[in-house]
Protein chains: 2
Amino acid sequence: MDIQRKDVHNSETPVLCRACESRHRGVCGALTPDQLLQLSRHSTRRAVESGTELVGESLKTTSYSNIISGVVKLSKMMADGRQQIVGLQFAPDFLGRPFRSENGVSAEAATEVKVCSFPKAAIERMISEMPELEHKLFEQTLAELDEARDWMLTLGRKTAGEKVASFLLLIATHAFPDNESDSVTFDLPMSRTDIADFLGLTMETVSRQLTKLRKDDVIHILNNRHVSVPDLSRLSERAGS
Amino acid sequence: MDIQRKDVHNSETPVLCRACESRHRGVCGALTPDQLLQLSRHSTRRAVESGTELVGESLKTTSYSNIISGVVKLSKMMADGRQQIVGLQFAPDFLGRPFRSENGVSAEAATEVKVCSFPKAAIERMISEMPELEHKLFEQTLAELDEARDWMLTLGRKTAGEKVASFLLLIATHAFPDNESDSVTFDLPMSRTDIADFLGLTMETVSRQLTKLRKDDVIHILNNRHVSVPDLSRLSERAGS
DNA sequence: TGCCCGATTTGACGCGTATCAAAGACATCG
DNA sequence: CGATGTCTTTGATACGCGTCAAATCGGGCA
């Protein structure tokens, strides 16, 4: 089972509502059936391949999207090319921030991504008419802020080994939000270079730390992407706390 | 002129409204005179000294505050004591997040801080009655998220020298949001240890980098706290971008 | 199947920052 | 005004991670 598959719903209806209504961070739980219908008239569903830039300067300013499946990375870059991934978004997160033109974050598909997009004007009208909807977006933003701050602790204070373990734990958690057992299997949604850019490390250091976790039998890796964690608590220990 | 003084308004009226109504990130611009009056009946204004914990487990859950003056640091700590400051809040920021009990961030006065507090119940009632107010809080949260992500780039990808320059720039900017000239003078709102915890460095490294900036005449420091920057653009170069 | 090319791993080495320790500055209080 | 304690600076050394380079892996395609 891979991450993408995990977050796909089996409905084929190309409307925003069906894609996300039952998910906690989705934006549509706040809408009435009528409103969903209205919104879905303007929405378009599409799949983009890994590496596609979803938000640079262009797309974001004209539309918003719900992530149906896949993983999107948000990143910042310095003038000299140094890059930092500042967040990962999983289905059913909302992509594109209201009331902002742009602040220098670019969004790129980390895996193959399916999104349901609709025009900026449509969602902004609905927001102004429906406090409920704004509340939903507010909740997601608060959750993102929490995640950003958690990650600041990781970036600023953890060792390379702890960072890599934290990353694996993050992916395991998001891929299986309600996993109860102590073991998990999943696919890494991104390359070693991306992981390094997320952790503030180099590719080589990420690789070495993964090797160390493998040698210590904390994880198993197949084909560079399939990861299985036999005991989550041992991984958690490695992550610091 | 020091940072605290800068953000104090000259009104002595102990109501929330007077303290923040004209500031961009204040929460009260959205309220009508009647509502301000109503709210100010429940509000209490107080000053706390540097080092006081404003939000650990206790205070935050029962009240919200507007920062009238001073600087508040938000931090996270690992089990073994490693600490990371995940944000600084200046007047007229709002302290205490709606719809959340707590997520492990503690808030501590970095300088002497004046706050205007009011009961959780009062603000939550007003929020539910006034979309405007929620919108205002949403805007602040979005701004905090931007700042958090900017700082993630600093933590993950900048060198010690760039980090320290970025910090000075941050303080200069927040102390004088609309400074036009190329030179500024301000007081550091916190100790070297705090700065280190904000930058993901050690105290010693912060000290060495400050010394280097001083030797290169990018900044001047008096009494370990008074900083003057003759040319902001030179400091900005040191910060990376 | 075998070749090719990008991604990943592994190795050797250097640098930047942490660590440990001591000296110096500054504020408080007798 | 000098003693005391805390914060800051400075110095010497160690080590983790970055850098550069080469080897190996894995997937795509003929």
Side-chain angles (χ1 to χ4, degrees), chain A residues 2 49-51 73 78 80-84 110-112 154-168 187-216 219-227 238 240, chain B residues 2 49-51 73 78 80-84 110-112 154-168 187-216 219-227 238 240:
Chain A
D2 64 17
E49 62 185 6
S50 165
K73 54 187 202 211
M78 294 174 66
D80 62 6
R82 280 176 284 176
Q83 196 172 15
Q84 176 67 45
T111 62
E112 193 207 33
T154 299
L155 288 173
R157 289 302 182 202
K158 291 189 183 176
T159 64
E162 291 170 334
K163 285 178 176 182
V164 171
S166 298
F167 171 76
L168 293 172
D187 279 8
L188 291 176
M190 45 201 203
S191 70
R192 302 292 186 271
T193 305
D194 279 346
I195 297 173
D197 282 342
F198 191 33
L199 294 171
L201 299 171
T202 60
M203 212 195 71
E204 293 91 332
T205 299
V206 170
S207 176
R208 278 185 252 266
Q209 295 300 333
L210 284 173
T211 302
K212 188 186 285 181
L213 287 173
R214 190 150 25 83
K215 285 192 175 143
D216 295 351
I219 58 172
H220 297 180
I221 304 186
L222 258 69
N223 290 337
N224 288 335
R225 286 212 113 100
H226 297 289
V227 177
R238 300 288 189 121
Chain B
D2 64 16
E49 62 185 7
S50 165
K73 53 187 202 209
M78 293 174 64
D80 62 6
R82 280 175 285 176
Q83 198 174 10
Q84 176 68 45
T111 63
E112 193 207 34
T154 299
L155 288 173
R157 288 302 183 203
K158 291 189 182 174
T159 65
E162 291 170 334
K163 283 179 175 180
V164 170
S166 299
F167 171 75
L168 293 172
D187 279 9
L188 291 175
M190 45 199 204
S191 69
R192 301 293 186 271
T193 305
D194 280 346
I195 297 172
D197 282 343
F198 191 33
L199 295 171
L201 299 170
T202 60
M203 212 196 70
E204 293 91 331
T205 299
V206 170
S207 176
R208 277 186 253 267
Q209 295 299 333
L210 284 173
T211 302
K212 189 186 286 183
L213 287 173
R214 192 151 23 84
K215 285 190 176 147
D216 295 350
I219 59 173
H220 296 180
I221 304 185
L222 258 70
N223 289 337
N224 288 334
R225 285 212 113 102
H226 298 289
V227 177
R238 300 290 188 118

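Below, read A as the first sequence line, B as the second, and so on, with proteins coming before strands; counting in each chain starts at 1. Heavy atoms only: backbone and side chains are in, while hydrogens, waters and symmetry mates are out.
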Filtered N/O pairs between nucleotides 1-8 of chain C and protein, under 3.5 Å:
residue: dT8(C); atom: OP2; partner: R192(A); partner atom: N; Å: 3.4
residue: dT8(C); atom: O3'; partner: N224(A); partner atom: OD1; Å: 3.4

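At whole-Å resolution of the value, CG in D197(B) and P in dA18(C) are 11 Å apart. A straight line from CD1 of I221(A) to P of dT24(D) spans 20 Å, rounded to a whole angstrom. As a whole-Å value, the separation of L199(A) CG from dG18(D) P is 10 Å. D80(A) has its CG atom 11 Å from the P atom of dT19(D), to the nearest Å. To the nearest angstrom, P of dT28(C) lies 11 Å from CG of N223(B). In this structure, NE2 of H226(B) is placed 15 Å from C1' of dA25(C), rounded to the nearest angstrom.
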Can you give me every donor-acceptor pair (side chain of residues 193-200 of chain A, partner residue at least two apart or in another chain, under 3.5 Å) with its distance?
residue: D194(A); atom: OD1; partner: K73(A); partner atom: NZ; Å: 3.1
residue: D194(A); atom: OD2; partner: K73(A); partner atom: NZ; Å: 2.8
residue: D197(A); atom: OD1; partner: R157(B); partner atom: NH2; Å: 2.8

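Against DNA chain D, the stretch residues 156-164 of chain B makes no heavy-atom approach under 4.0 Å.
With rounding to the nearest 0.5 angstrom, the CD atom of Q209(A) is 10.5 Å from the NZ atom of K163(A).
Looking only at side-chain heavy atoms (C-beta outward), V206(B) and L210(B) come within less than 4.5 Å of each other. You'll find the side chain of L168(B) reaches within 4.5 Å of the side chain of L213(B), heavy atoms only.
Looking only at distances, a side-chain donor or acceptor of S50(A) sits under 3.5 Å from a matching main-chain atom of A110(A). Judged by distance alone, the side chain of R208(A) and the main-chain N or O of M203(A) form no donor-acceptor pair under 3.5 Å. Side chain of T205(B) to backbone of L201(B): no donor-acceptor contact under 3.5 angstrom is found. Checked by atom type and distance alone, the side chain of R225(A) pairs as donor or acceptor with a backbone atom of L188(A) at under 3.5 Å.
With sequence neighbours excluded, the residues forming a side chain to side chain contact (heavy atoms under 4.5 Å, CB included) with T159(B) are R82(A), E162(B), listed by chain and number. Partners of D216(A) under the side chain to side chain donor-acceptor pair (under 3.5 Å) rule, at least two apart in sequence or in another chain, are R238(A).
The side chain of T202(B) places no N or O atom within less than 4.0 Å of a non-bridging phosphate oxygen (OP1 or OP2) of dT17(C).
Residue contacts shown for L210(B) are absent, as no nucleic acid heavy atom lies under 4.0 Å away.
You won't find any donor-acceptor pair under 3.5 Å spanning the side chain of Q209(A) and the base of dC17(D), going by distance alone. No hydrogens or angles were tested; on distance alone, a donor-acceptor pair under 3.5 Å links the side chain of R208(A) to the base of dT19(D).
Listed nucleotides dC17(D), dA18(C), dT19(D) differ in distance to T205(B); the shortest reach to its side chain belongs to dA18(C).
Note on the helix from dT1(C)-dA30(D) to dG30(C)-dC1(D): terminal axis deviation equals 30°, with five pairs used at each end and the result rounded to 10°.
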